[in-house]
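See structure below.
Order of the sequence lines fixes the chain letters, A, B, ..., with proteins taken first and strands second; residue numbering starts at 1 for each chain. Worth knowing before you read on, the calculation uses all heavy atoms, side chains too, and leaves out hydrogens, waters and symmetry mates.
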Amino acid sequence: MVTEALNDGDRRNFLIKLTSVVGGAGVAATCVPFVASMNPSSDVLAKAETEVDLTNITPGGMHTVAWQGKPVFILHRTPEQIKASTESNGGLQPEADSNRVQKPEWLVVIGVCTHMGCVPNKEGPGWECHCHGSQYDDSGRVIRGPAPKNLEVPPYRFVADNKIVIGKA
Amino acid sequence: MNKFMMVLASCCLAASALASSEVKLDTVKVGVDASTVGRGVEAMMSDCHSCHSMKYIKYRDLVSLGVDSKKVDEWRGDQPLDAALMAQMPEADAMAAYGSAPPDLSLMAKAREGGANYVYSYLLGYYTTPDGTTHNHIFPATKMPDILGMSNAKEAAERTAIQSKARDIVSYLVWASDPHAQERQSLGYYVMGYLFVLTLMLYFVKNQIWAKLK
Amino acid sequence: MPHRIINWIDQRFPLTSFVKHELTGYPTPRNLSYWWNFGFLAGFVLMLQVATGIFLAMHYKADVALSFDSIQHIMRDVNYGWLLRYLHSTGASAFFFVIFIHMARTLYYGSYRAPRELLWWTGQGLLLLLMGTAFMGYLLPWGQMSFWGATVITNLFRATPFIGDEVVIWLRGDYTVGDATLTRFFALHYLFPFLIIGAVIVHLVALHTVKSSNPSGINLQDKDNIPFHPYFTIKDLYGLGLFLMLYSVFVFFMPDSLIEPANNIPANPMVTPNHIVPEWYFLPFYAILRSVPNMVGGVVAMGVSVLIFAFMPYLDRSRIPGGAHYRPMFRGLFYFFAIDMGVLGYIGYIPPTDQSILIGQVATFIYFTLFLLLPFLSKFEERWLMKRGLTPEIEALIASEAKEISEKRSKR
């Protein structure tokens, strides 16, 4: 077998190096579509924003919508509920009600208990989580543990008087 | 190699032989610009969607295509942006009215031999016989009425307007059948350019390495 | 550090010696032409199909109610899903394109001759596995052509003696091609590539035992061999670049030219499309099926038409080296066969008419006749060439082979 033509000088050859770099870049670029295909597809991303029509929620009524697969509570608060919420600053994690709403009559919170991720039930004033007994008021603030934090307020905006889009502030 | 070339050549021959035995299709130059496709969307919305669905197209796709979002809001009413473009008439009613369910149009531009040319020729293929009934050259068994009115259009200007409307609709259908076609082609130019450069370099490297062999 | 790791491994596993013997230092005939690039290309396309296939399977749903929609989901919603799908659907055609050339090269240069029979037969097995994989994959989009293609092909098994109908139902798991069929085809379509990889390893072990054939048709002396790396790694890569350009033209600019329009209509068991055709790579064999008026006969003829290649080492009785290169009659036969394949492909594509059926029957007859004539023709040709006097070139080839054989014998 002819082997004498092989020598290590080849390795230092500029053309071979350049070609390897260009080829390697191509292989790396080819990986992009494969990796990207595992990211959320456009129909999943479309769920990043949820549009909610508020017309049919009566004062005192609550509506649960799915946003990115999670329940979001939309509470149409009565003047009494607003009054009760603004008078206190909550319990374990004090926060003014005005920081948690854009319009006092509409409370929008993610319905996932900040303790272990159960979905709290609307009971009496506020919510109670049946998993471990945490309680939240009508502003979604935790007033009894073991939950450590208030219910999270998702980013949302009013696109009309009676329409909100959850997902982008 | 020869074997493949033969098969390929025979396929081309077969395709031309087939085409000649069927009705001759008009050729349409499909538009890919947003305005043509946008006009096609509007024409479809007013003339086609009462019976036909486009179930693989969502309202959000129209928005990202560049259709005015106010118009999209008008069309979708209280449906979410993520809703598919469904027919306004329930399928059962359409069955009762026409005797067959109107096909979904999402893939129509790809689902017939002749593609866009077929749809274009079909839309314009209506004519009226002396006894007053309307037929279609391209698809004689069609149940669809002459929506664009080609069979009644006498004046040249009117016919031209209908032709241009048909072209808009077909352009939209072509986009809908493969929404990533533009992206695919523009990526294709980069890929071809890259491969050309790389192959050229590999060719030089190959020559260099083989030149050392006595 | 890397050196130490390799040392550590080498004490426990023959890594370096394996790479040296079988990859980088593998002795390869220096006179290989570009027709010898297609084995490597076939391996590359196999890897490409496996990679795109696995990523497509992450989004595909094998269910008659969902599969058509899931393909559209891939084409429209999944990031670069359209690219993966077109790479895969075009890749199927590319695979057959490469394999057919690989086979044509073997036939032209007589690479199937002793001692390469097993190499040729493992290749035949690979072709059958590839055909099976392609056929099952074609059902998955659940379009009209998918459905009716699978219906027709599974019906071929009705030709099984005595239990034909039962076999067909067993294959489908249903009275017609249905949900059970789709799900099992998906399972097997995912499995088969790995069987192919296994068979490729067997194919390569056989190759490395008998070494590559070469255009001269004889085993070269050792001085005419060169190490695989860097000479053939770079030659294969250069060939790959050319191949990828052709492939990319199809993937990016005309991917639908390889997909029948009717497959963009969801499967409908109640309506058969007017004109059903298999994919281009099955057309010649499909034409043979249609040419035989008897159902069982047609199925047998089609099966034999694929398997008959396996007999080539025995059908070709000539001892003249160099394949078709030094053998004018065999060369004529090769090109005649290629044309016949083309005619069969064309007949398989067009809808059957009286005339096309007749042409198909003649082409089918020629197809088998060529194989059956080969033993006599190759012997006759050998005698004729001997009588006419071999050219010094061929004499030299035969002499050098004889010398090599005697050297090997004396070494032993």
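Residue T50(A) does not touch chain B at all, counting heavy-atom pairs closer than 4.5 Å.
For F34(A), the CZ atom sits in a packed shell: over 12 heavy atoms of surrounding residues, nucleotides or ligands are nearer than 6.0 Å. Within a 6.0 Å sphere centred on CG of D33(B), heavy atoms belonging to other residues, nucleotides or ligands number more than 12. Counted within 6.0 Å of CG on D78(B), heavy atoms from surrounding residues, nucleotides or ligands total 12 or fewer; the atom is thus considered open. By the neighbour-count criterion of 12 heavy atoms within 6.0 Å, atom NZ of K103(A) is densely surrounded, having more than that number from other residues, nucleotides or ligands. Counting heavy-atom neighbours within 6.0 Å of F196(B) CZ, excluding the residue itself, gives a total of 12 or less.
A salt bridge links R76(B) to E51(A): one of the charged nitrogens lies within less than 4.0 Å of a carboxylate oxygen.
For the pair V22(A) and Y194(B), the tightest heavy-atom approach, listed with the atom from each and the gap, is O-OH, 2.7 Å.
If you take CD on E49(A) and CG on D82(B), they are separated by 11.5 Å, rounding to the nearest 0.5 Å. Between atom CD of residue Q208(B) and atom CG of residue L15(A) there is a gap of 5.0 Å, rounded to the nearest 0.5 Å. The CG atom of L45(A) lies 8.5 Å from the CZ atom of R60(B); values are rounded to the nearest 0.5 Å.
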